[in-house]
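To start, the structure under review is shown below, and the notes come after it.
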Amino acid sequence: IYGTIALTARVLEGARQVRKAIEAAKSLQVLSQVSDAATQLDLLVWAAAGGDGFVSRTGTARLERLPVYLEAIRHRMSQLTAQPGRDRAWQNEVDRALGLFADAGGVIPLPADAPPHLVRARWLIEELRVSLFAQHLRTAEPASLARIQKSLAEH
């Protein structure tokens with residue numbers, strides 16, 4: 001239990017730092033990407049609470065990856081203005097994955113009784129973001145639009 005408490009504190013501190021990075025990155029040129037990062041943060045930590053806390057909604061197995069996802073957002077914000085076109089192209093790929101997920105009935109945060117194929121696809125989307133925006137952090141497993149499509153087809 002102490003490990004979970006320490007991890008939760010790390011996640012909350014990471015979320016605070018990401019929020020600061022998002023605020024610092026605001027610019028009309030990259031407004032949609034900054035908005036996407038803010039939404040991603042909210043869905044990972046704040047909105048995921050849904051009244052019963054993001055730790056229980058996320059689950060301890062996935063909670064361990066949240067610091068990586070948060071660091072990926074922070075890194076993305078720090079690199080955003082250097083190559084906004086590249087970031088936008090990658091954002092389009094994430095948007096396609098999110099569209100496929102929504103078309104399959106997926107919503108974020110996931111309901112407690114979400115089918116396994118939607119749970120897998122939801123977290124593959126986070127890994128896809130890492131693979132695109134912060135490759136140096138490494139994904140927990142290979143992630144691509146094709147893998148997300150395959151996961152969504154498996155039900």
Side-chain angles (χ1 to χ4, degrees), residues 2-50 53-103 106-110 118-152:
Y2 292 113
T4 302
I5 292 169
L7 181 54
T8 301
R10 223 171 98 212
V11 167
L12 291 173
E13 175 57 23
R16 187 185 68 75
Q17 291 177 9
V18 168
R19 181 68 66 199
K20 286 172 64 175
I22 289 170
E23 292 297 322
K26 287 195 175 172
S27 149
L28 286 178
Q29 181 185 18
V30 292
L31 193 58
S32 68
Q33 292 104 310
V34 171
S35 176
D36 174 72
T39 298
Q40 181 187 7
L41 173 62
D42 288 345
L43 292 175
L44 282 171
V45 181
W46 312 124
F54 77 91
V55 174
S56 59
R57 287 288 287 240
T58 303
T60 53
R62 295 291 178 180
L63 186 66
E64 292 180 7
R65 286 296 290 168
L66 284 188
V68 174
Y69 302 150
L70 294 172
E71 178 58 23
I73 299 169
R74 195 200 59 70
H75 179 76
R76 178 186 183 192
M77 293 298 96
S78 74
Q79 301 297 310
L80 190 55
T81 56
Q83 293 188 317
R86 179 186 68 182
D87 188 282
R88 184 68 228 156
W90 288 343
Q91 181 60 52
N92 289 339
E93 189 166 341
V94 171
D95 289 346
R96 284 192 296 276
L98 288 168
L100 292 169
F101 179 72
D103 289 348
V107 294
I108 302 173
L110 288 166
L118 291 178
V119 173
R120 176 160 168 66
R122 187 270 180 269
W123 295 109
L124 272 175
I125 291 168
E126 293 303 327
E127 295 297 333
L128 176 64
R129 288 178 182 272
V130 171
S131 76
L132 295 171
F133 301 113
Q135 300 90 350
H136 68 283
L137 296 176
R138 303 195 189 242
T139 59
E141 63 181 297
S144 66
L145 189 57
R147 285 182 185 272
I148 292 166
Q149 287 173 307
K150 183 179 178 190
S151 176
L152 290 169

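Counting begins at 1 with the first residue of the sequence.
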### Message
I'd like to know if R122 and E126 make a salt bridge, using a cut-off of under 4.0 Å between side-chain N and carboxylate O.
### Response
yes
### Query
So, for A38 and R19, which heavy atoms are closest and what is the spacing to 0.1 Å?
CB-NH1, 4.1 Å
### Task
Return yes if a side-chain donor-acceptor contact under 3.5 Å exists between R96 and Q149, otherwise no.
no
### Query
Where the side chain of S151 meets the backbone of R147, is there a donor-acceptor pair that is under 3.5 Å apart?
no
### Query
Do you know which two heavy atoms are closest between L110 and L118, and how far apart they sit?
CD2-O, 4.2 Å
### D103 CG to L152 CG distance, which is reported to the nearest 0.5 Å
9.5 Å
### Smallest separation among heavy atoms of R76 and A37, with atom names
NH1-N, 4.4 Å
### Task
Please test E23 against K20 for salt bridge (charged side-chain N to carboxylate O under 4.0 Å, His left out), starting from the C-alpha separation and ending with a verdict.
CA-CA 5 Å; E23 292 297 322; K20 286 172 64 175; over 6 Å; no
### Task
Would you check if the side chain of Q29 reaches a backbone N or O of T81 as a donor-acceptor pair within less than 3.5 Å?
no
## Note on the structure
Note: L43 and P109 closest approach over all heavy atoms is CD2-CD, 4.1 Å
## Note on the structure
Result for side-chain contact (heavy atoms from CB on, under 4.5 Å) between L44 and one of I73, I108, T58, V18 points to I73
### Message
Looking at D36 and R88, is there a salt bridge between them, counting it only when a charged N and a carboxylate O are closer than 4.0 Å?
### Response
no
#### Entry: Distance-minimising heavy-atom pair for A143 and S131
O-OG, 3.9 Å
### Query
If you round to the nearest 0.5 Å, how far is CD1 of I22 from CG of D42?
7.5 Å
### Query
How long is the span from the CZ atom in F101 to the CG atom in L124, to the nearest 0.5 Å?
10.5 Å
### Query
Between F133 and W90, what is the ring plane arrangement, given parallel below 30°, perpendicular above 60°, and tilted in between?
perpendicular
### Query
Given the rule in the side chain to side chain contact (heavy atoms under 4.5 Å, CB included) test, do L70 and R74 qualify, once you have shown the distances and angles that lead to the verdict?
CA-CA 6 Å; L70 294 172; R74 195 200 59 70; over 6 Å; no
#### Entry: Residue pairs passing the ring-ring contact (aromatic ring centres under 6.0 Å, His included) test where at least one lies in residues 6-25, sequence neighbours excluded
none
### Straight-line distance of Q135 CD to H75 NE2, nearest 0.5 Å
7.0 Å
### Task
May I ask you to decide if T4's main-chain N or O and T8's side chain share a donor-acceptor pair within less than 3.5 Å?
yes
#### Entry: Intermediate values then yes/no, side chain to side chain contact (heavy atoms under 4.5 Å, CB included), L100 and L145
CA-CA 9 Å; L100 292 169; L145 189 57; 3.8 Å; yes
### Query
How long is the gap from CD on E141 to CZ on R65, to the nearest 0.5 Å?
9.0 Å
### Query
Is it true that a side-chain atom of Q83 and a backbone atom of L80 form a donor plus acceptor pair closer than 3.5 Å?
no
### Query
Can you name the salt bridge (charged side-chain N to carboxylate O under 4.0 Å, His left out) partners of E13, sequence neighbours left out?
R16
### Task
Would you name the heavy atoms of L137 and A72 that are closest together and state the gap between them?
CD1-N, 3.5 Å
### Query
What distance do D87 atom CG and N92 atom CG have between them, rounded to the nearest 0.5 Å?
10.0 Å
### Message
Heavy-atom count check: over 12 atoms from other residues, nucleotides or ligands less than 6.0 Å from R62 CZ?
### Response
yes
### Summary
Result for side chain to side chain donor-acceptor pair (under 3.5 Å) between Y69 and one of Q40, R129, E127 points to E127
